[in-house]
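Take a look at the structure below.
Protein chains get the first letters and strands the later ones, always in sequence-line order, with residue 1 at the start of each. Computed from heavy atoms alone, side chains included, the values below leave out hydrogens, waters and symmetry copies.
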2 protein chains.
Amino acid sequence: MTPLPSEAHPAGPATVRRHNRGLVLTAVAGAPASRAAVAAHTGLTRGTVSSLVDDLLADGMLVEREAPRGGRGRPANPLQLNPSGPCGVGVEIGVDDVGACVADLTGTVRAVRRVPSDHRRHDPAHGLRRAADIVRDVVAEAGLPVAGVRVALPGVVTPDGVLQRAPNLPRWQDVGVAELFGSLVEAPVSATNEADLAALAELWDGQALRDMLFVSGGVGVGAGIVLDGRLFHGAGGRAGELGHVVVDPGGRACTCGGTGCLETVAGVTALLRAAGAADVDELVREPGAALDVAADALGVALAGAVNLLDLPAVVLGGVYARLGDALVERVGAALRARVLARPPVRVLRAAVARDAALRGAAIGVVRELVGAP
Amino acid sequence: MTPLPSEAHPAGPATVRRHNRGLVLTAVAGAPASRAAVAAHTGLTRGTVSSLVDDLLADGMLVEREAPRGGRGRPANPLQLNPSGPCGVGVEIGVDDVGACVADLTGTVRAVRRVPSDHRRHDPAHGLRRAADIVRDVVAEAGLPVAGVRVALPGVVTPDGVLQRAPNLPRWQDVGVAELFGSLVEAPVSATNEADLAALAELWDGQALRDMLFVSGGVGVGAGIVLDGRLFHGAGGRAGELGHVVVDPGGRACTCGGTGCLETVAGVTALLRAAGAADVDELVREPGAALDVAADALGVALAGAVNLLDLPAVVLGGVYARLGDALVERVGAALRARVLARPPVRVLRAAVARDAALRGAAIGVVRELVGAP
DNA sequence: CTCCTTTTGTTCGACGTCCGAACTAATAGG
DNA sequence: CCTATTAGTTCGGACGTCGAACAAAAGGAG
């Protein structure tokens, strides 16, 4: 029997405390609850909850509201996540702009800003300085202490925050974004793939599906895989490459070296060609044949993924969301014809339209804070 | 922000103890180690390790070997998993036989037995009684205390051990195998899909790949997905349905309702037809055109899965393993042509040939024991 | 042979955490 | 005004880890 080479850490009283702090915070995250309610919900003693809450109040993670109306007995003191507590900052490096956004502990966005920045002409250091500038702006606007910063990047990102490869950002090869940006803003910085964060935004801010495939249609076709309420990154951080699933083995050659990849049939450039449209706005107005083409291809590609992972739902985002319910309907039909699961797969349109990755990044920081502070 | 409806349990001193017990056991699982070595490896204090080891010795999980040879200083007392400690029992319900097997704490198989049993003619209760009989036999032969029993089933199994649907066992619909079998043998019983357990056997007993797709070729084509050293079941326990990935959209109709599924091209019956063979033995001797057909179809289907999940390795089992290295070579080539990952995907032949599911079931029980007893 | 060094394993007090139960606080209803 | 009810706090006990001191068992130097 081969050993697990896992690097597990020893547990002690501090581990327990952290775990239970997280329990209390997640119990309060949904709706305000009293200490007694938290105790009943988590299984902890009222005494223990009191002690934990004292800590959390001192740390500014919780606040006590005054709403002493109710039935018999001593009125309860509802606790809630402190809207003025530590916040998460999301940053997005787009192809020709940068954005930043602040989310408070409750997950509501308190400030957003986006400015143009041509990353094809300038080098990464320049782009990151621009980003740091608007981070300062939004943080000043929100006026909250910063717990952490997360950067959304359009490419392959390693767990330690290095952008390895970005198809549309040729100058950003092997850039240690987390480290570089950490020296520009005084806060812990992490970095993640942009499509993955958009999927998380959909999970947290949109429809709460613990297991889903979030398909982001653009020039490429990416997917964020959410399993059991958590994002799945894959062994090398590259999971979600849906664009190169083969949907037409004899079809057009793809940049990846294969033929008939989903991207060559249902990517934005292919859809523009199918619709005879000049730009995305025109495509959305008069999709024509593009709708059928995209639906068929997506049906084939998604069926494989859904069968393989036994996913109960698929969410269409990016261009696909803009193409409207007609596409959702057709993809759903194509999918149900090929998938055997009962109950049948649900196909939905993305609910978080604007700044999905940005919101996902900012909320992700506070979610981590609430989960295990 | 939507709350996580997770049912997390409170932590206490007992939780810590359990966790650290697991740490000690996994530390000695690879090679025997002294208390001091365990302390250094896990980060626990020597004192704490001593206390934990005392417990584990008393429980019969560990034994102290005598090998006091070495350099300076007081000689170390090597500890190892107790080969006479609690064991795991694996049971397999095949189409026309039942099997049972005992694995000790170190993961070595101590007894195996397999007898014919026609599950198409007799009902589940009869089959389970046969299984219980040979469980008694192998347990008597091994002479070890039984920690748990795991049943491998050829179909969809829910987390609580109910066999929902088994294509080749029409009488076994919605059978609560775990519960029924639990009343026949006095030990905790769980049940899992047979292909999944074969994948785990490959993980533990064969090549130790923390992330892989194990493809099991039979009448259907199933897959066990191993992510980060653990099996991925999916939201509904049905993950791994590789057989109905579409590899030829215009192809033959499949029982699932779709067309051109992998199963219709690279399943056993399709391969027999392609090779013009009467049975599997003949197919293995003279595969002919079947080799190319299978390799192409697997290449297309696996490329999608590998891209989607960013898997570093694929292991071919079942009939595919019997078809030899020629198939492995061709699938590898087809796959590398379509997958962009670096380093390239590895394609391997299954190392655990006989009784894979049986071994996976038995070893799975003891692995769980060692992980968090 | 004796003493010193080195490494292993044990013992003991201090600290942190949770639990259970008793106690105080605050409200509604009779 | 008194009682029942619910909320929150306080305190001792139990459990577990840590750190340091201590005992044990070898090899090597003089």
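- Put simply, the side chain of B/Arg46 and the base of C/dG9 share a donor and an acceptor less than 3.5 Å apart.
- To the nearest 0.5 angstrom, B/Leu197 atom CG is 10.5 Å from B/Ile363 atom CD1.
- Distances shown here put a side-chain N or O of B/Arg17 below 4.0 Å from the OP1 or OP2 atom of D/dT17.
- Using a 4.5 Å heavy-atom threshold, the side chains of B/Arg35 and B/Glu64 count as touching.
- If A/Gly73 and A/Pro13 are placed on DNA chain C by their nearest nucleotide, the residue sitting closer to the 5' end is A/Pro13.
- Look at B/Glu141 and B/Arg136 and you find no salt bridge, because none of the NZ, NE, NH1 or NH2 atoms lies under 4.0 Å from a carboxylate O.
- Across the protein-nucleic acid pair, B/Asn77 atom CG and C/dT7 atom C1' stand 12 Å apart, rounded to whole Å.
- Note: NE2 (B/His19) to C1' (D/dT17) measures 13 Å, nearest angstrom.
- The CG-C1' distance, from A/Asp54 to C/dC18, rounds to 15 Å in whole Å.
- Where A/Glu64 and A/Gly12 meet DNA chain D, the nucleotide closest to each residue was compared, and A/Glu64 sits on the side nearer the 5' end.
- When the side-chain nitrogen and oxygen atoms of A/Ser50 are compared with OP1 and OP2 of D/dG8, none of them lie within a distance under 4.0 Å.
- OP1 or OP2 of C/dC18 lies within a sub-4.0 Å distance of a side-chain N or O belonging to A/Asn20.
- Of the two residues contacting DNA chain D, namely A/Ala36 and B/Gly43, the nearest-nucleotide position lying further toward the 5' end is that of A/Ala36.
- As rounded to whole Å, 7 Å separates atom C1' of D/dG28 from atom CZ of B/Arg72.
- A straight line from CG of A/Leu23 to P of C/dC18 spans 11 Å, rounded to a whole angstrom.
- Checking the phosphate oxygens (OP1, OP2) of C/dT7, no side-chain nitrogen or oxygen of B/Arg35 falls inside 4.0 Å.
- Remark: the A/Thr108 side chain and the A/Asp104 side chain contain an N/O donor-acceptor pair separated by less than 3.5 Å.
- Of the charged side-chain nitrogens involved, at least one lies within less than 4.0 Å of a carboxylate oxygen, so that A/Asp59 and A/Arg21 count as a salt-bridged pair.
- Atom CZ in B/Arg21 sits about 15 Å away from atom P in D/dC15, given to the nearest Å.
- Distances shown here put a side-chain N or O of A/Ser34 below 4.0 Å from the OP1 or OP2 atom of D/dG8.
- To the nearest angstrom, P of D/dG16 lies 13 Å from CG of B/Leu56.
- Side-chain N/O atoms of A/Thr48 include none lying less than 4.0 angstrom from OP1 or OP2 on C/dC18.
- The base of C/dT8 lies close enough to the side chain of B/Arg74 for a donor and an acceptor atom to sit less than 3.5 Å apart.
- As a whole-Å value, the separation of A/Glu66 CD from D/dA7 P is 18 Å.
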